[in-house]
Visitor: 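The structure's right below; bear with me while I get my questions together.
Since the structure is predicted, the reported quantities are computational estimates derived from the model, not experimental observations.
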Amino acid sequence: MGSTGYGDWIRDFETARRERAGQGDPDWRTGVPLHPAIRRSVQRFQVGEDGDGAELITKAEAAGDAEYASAVRMFVAEERNHARLLALLLASGDAPTIASHWSDRIFVTLRRALGLRLELLVLMIAEVVALRYYRALRDGGEDALTREVAGRVLADEERHVPFHCHRLRRALRPLPAPARVLVTSGWRAALAVACLVVAVDHGPALWRLGVGRGRFAVEVVRSSGPIAAAMR
């Protein structure tokens, strides 16, 4: 993507939207009941995806860059589509969604209390954890529909992380180099803590998916190095 402006990102989001429209939904009739551990895990991630994004959109609009605000609205639309796909995956196996989960309430409270730059740093914690989670669900899912849905969500998340990195790189650029290192090091430390919490909370599902708590945590933390460097 270009180093300035968000026109390329808007075109990227629009291309993905057209591809989704052409592809259509998975065949929900092929769904089967999820293993209880995986069902509970998917329910919790579905809650995390199911926000309206109003606070983020408002902050993006207040930043004064119309192209960026437009790209953020497209990002939010993709996140809401993830929530829809996960809800339909659960429904295909006769499982309900849940109204809330404590981990999501904490993330939402932190994000809403902060300005755009710090909100994006908190959001990036969730996005990086989600990358490894959906990869595990895609590779270790016990039925074809679960693997397909996870693969679709993962493909979007793999674009979302560099999108937010682009914005954070521009936001951190005015800071002195030592301050940028301090911010991204603090972000990596916060990510490590959040990752450990997720690994414990979703441990039974991760084990069922063939990953396990320890491997999940190590791989998430390891992946954060290049991402922090991209932010700087």
Side-chain angles (χ1 to χ4, degrees), residues 16-17 19-53 75-108 123-161 191 194-221 223:
R17 186 195 66 78
E19 289 176 351
R20 284 194 301 273
Q23 185 180 28
D25 267 9
D27 184 356
W28 302 113
R29 296 170 299 177
T30 64
V32 298
L34 299 174
H35 183 276
I38 296 176
R39 182 194 69 235
R40 288 190 293 270
S41 180
V42 171
Q43 286 171 326
R44 294 167 190 174
F45 266 83
Q46 193 275 337
V47 167
E49 301 277 9
D50 196 25
D52 62 10
F75 157 74
V76 169
E78 288 193 348
E79 291 289 296
R80 297 199 70 184
N81 186 55
H82 297 170
R84 184 186 70 87
L85 290 172
L86 293 174
L88 290 170
L89 173 64
L90 289 165
S92 71
D94 297 321
T97 58
I98 58 176
S100 65
H101 187 255
W102 62 265
S103 59
D104 181 60
R105 290 195 295 271
I106 290 173
F107 267 103
V108 169
L123 177 60
M124 277 286 284
I125 291 174
E127 294 284 276
V128 174
V129 170
L131 278 178
R132 186 63 188 94
Y133 175 78
Y134 288 119
R135 187 175 299 117
L137 193 61
R138 180 199 63 186
D139 296 343
E142 298 174 335
D143 64 277
L145 182 60
T146 297
R147 294 192 296 270
E148 181 180 355
V149 170
R152 292 189 184 203
V153 176
L154 177 62
D156 287 342
E157 298 290 4
E158 287 174 339
R159 292 183 297 101
H160 292 174
V161 167
L191 171 65
C195 175
L196 288 173
V197 172
V198 172
V200 171
D201 193 32
H202 294 259
L206 294 172
W207 179 84
R208 188 82 187 180
L209 295 170
V211 178
R213 291 185 176 98
R215 179 181 164 192
F216 178 83
V218 167
E219 291 183 359
V220 171
V221 172
S223 74

Visitor: Say you draw a straight line from CD of E157 to OH of Y133; how long is it, rounded to the nearest 0.5 Å?
Guide: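 One finds 12.0 Å between CD of E157 and OH of Y133.
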Visitor: Locate the shortest heavy-atom distance separating C195 from V220; write the atom from each residue and the value.
Guide: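 The answer is SG-CB, 3.5 Å.
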Visitor: Report the distance from atom CG of L191 to atom CG of L196, rounding to the nearest 0.5 Å.
Guide: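 One gets 9.5 Å once the value is rounded to the nearest 0.5 Å.
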Visitor: For V128 versus S223, what's the shortest heavy-atom pair and its separation?
Guide: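 In terms of heavy atoms, the two residues are closest at CG1-OG, 3.7 Å.
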Visitor: Between V149 and P26, which heavy-atom pair has the shortest distance, and what is it?
Guide: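 Taking V149 first and P26 second, the nearest heavy atoms are CG2-CG, 4.2 Å.
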Visitor: Using the test side-chain contact (heavy atoms from CB on, under 4.5 Å), find all partners of R84 that sit at least two apart in sequence or belong to another chain.
Guide: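 Result, side-chain contact (heavy atoms from CB on, under 4.5 Å) vs R84: D25, N81, L88.
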Visitor: Let's go through L137 and V153 carefully: what are the C-alpha distance in whole Å and the side-chain angles of both, what is the deciding distance for side-chain contact (heavy atoms from CB on, under 4.5 Å) to 0.1 Å, and is it a yes or a no?
Guide: CA-CA 10 Å; L137 193 61; V153 176; over 6 Å; no
Visitor: Closest approach of T30 and D27, non-hydrogen atoms and distance?
Guide: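 Heavy atoms only, the tightest pair is OG1-O, 2.8 Å.
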Visitor: With a 4.5 Å limit on heavy-atom distance, are the side chains of D156 and Y134 in contact?
Guide: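 The answer is no, as the side chains (C-beta and beyond) never meet within the 4.5 Å cut-off.
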Visitor: How long is the span from the CG atom in D201 to the CZ atom in R44, to the nearest 0.5 Å?
Guide: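 Spacing of CG (D201) from CZ (R44) equals 4.5 Å.
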Visitor: Got L89 and L145 here, is their nearest side-chain heavy-atom distance under 4.5 Å?
Guide: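 SC-SC contact between L89 and L145 confirmed.
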Visitor: Identify, with sequence neighbours excluded, every residue that meets salt bridge (charged side-chain N to carboxylate O under 4.0 Å, His left out) alongside R152.
Guide: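 Here the qualifying residues are E148.
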Visitor: Which heavy atom of A194 sits nearest to which heavy atom of I125, and what is that distance?
Guide: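 That closest heavy-atom pairing would be CB-CG2, 3.6 Å.
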Visitor: Could you check whether any side-chain heavy atom of S41 comes within less than 4.5 Å of a side-chain heavy atom of Q46, counting everything from C-beta outward?
Guide: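 No, every pair of side-chain atoms sits at 4.5 Å or beyond.
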Visitor: Considering residues at least two apart in sequence or located in another chain, which fulfil the ring pair (Phe, Tyr, Trp, His ring centres under 6.0 Å) criterion with F216?
Guide: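 Ring pair (Phe, Tyr, Trp, His ring centres under 6.0 Å) list for F216, sorted by chain: empty.
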Visitor: Using the side-chain contact (heavy atoms from CB on, under 4.5 Å) criterion, which residues pair with A16? Sequence neighbours excluded.
Guide: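 Once residues adjacent in sequence are excluded, the partners of A16 under the side-chain contact (heavy atoms from CB on, under 4.5 Å) criterion are R20, E78, R159.
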Visitor: Could you check whether atom CH2 of W207 has more than 12 heavy atoms from other residues, nucleotides or ligands sitting under 6.0 Å from it?
Guide: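 12 or below, so no.
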Visitor: Listed by chain and number, what are the side-chain contact (heavy atoms from CB on, under 4.5 Å) partners of R135, not counting sequence neighbours?
Guide: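 Checked R135 against side-chain contact (heavy atoms from CB on, under 4.5 Å); matches are R132, R138, D139, L154, E158.
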Visitor: Mind running side-chain contact (heavy atoms from CB on, under 4.5 Å) on L34 and L90 for me, showing each step along the way?
Guide: CA-CA 8 Å; L34 299 174; L90 289 165; 4.0 Å; yes
Visitor: Restricting to side-chain contact (heavy atoms from CB on, under 4.5 Å), what partner residues turn up for R208, sequence neighbours left out?
Guide: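 Per chain and number, R208 pairs via side-chain contact (heavy atoms from CB on, under 4.5 Å) with H35, I38, E142.
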Visitor: Taking side chain as C-beta onward, heavy atoms only, is Q43 less than 4.5 Å from P96?
Guide: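 In contact.
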Visitor: Taking side chain as C-beta onward, heavy atoms only, is M124 less than 4.5 Å from H160?
Guide: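 No. Closest side-chain heavy atoms not under 4.5 Å.
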Visitor: Give me the atom names and distance for the closest heavy-atom approach of A95 to R39.
Guide: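 That closest heavy-atom pairing would be CB-CD, 3.5 Å.
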Visitor: Taking atom NE2 of H202 and atom CZ of R213, what is their separation to the nearest 0.5 Å?
Guide: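 Rounded to the nearest 0.5 Å, the NE2-CZ separation comes out at 11.0 Å.
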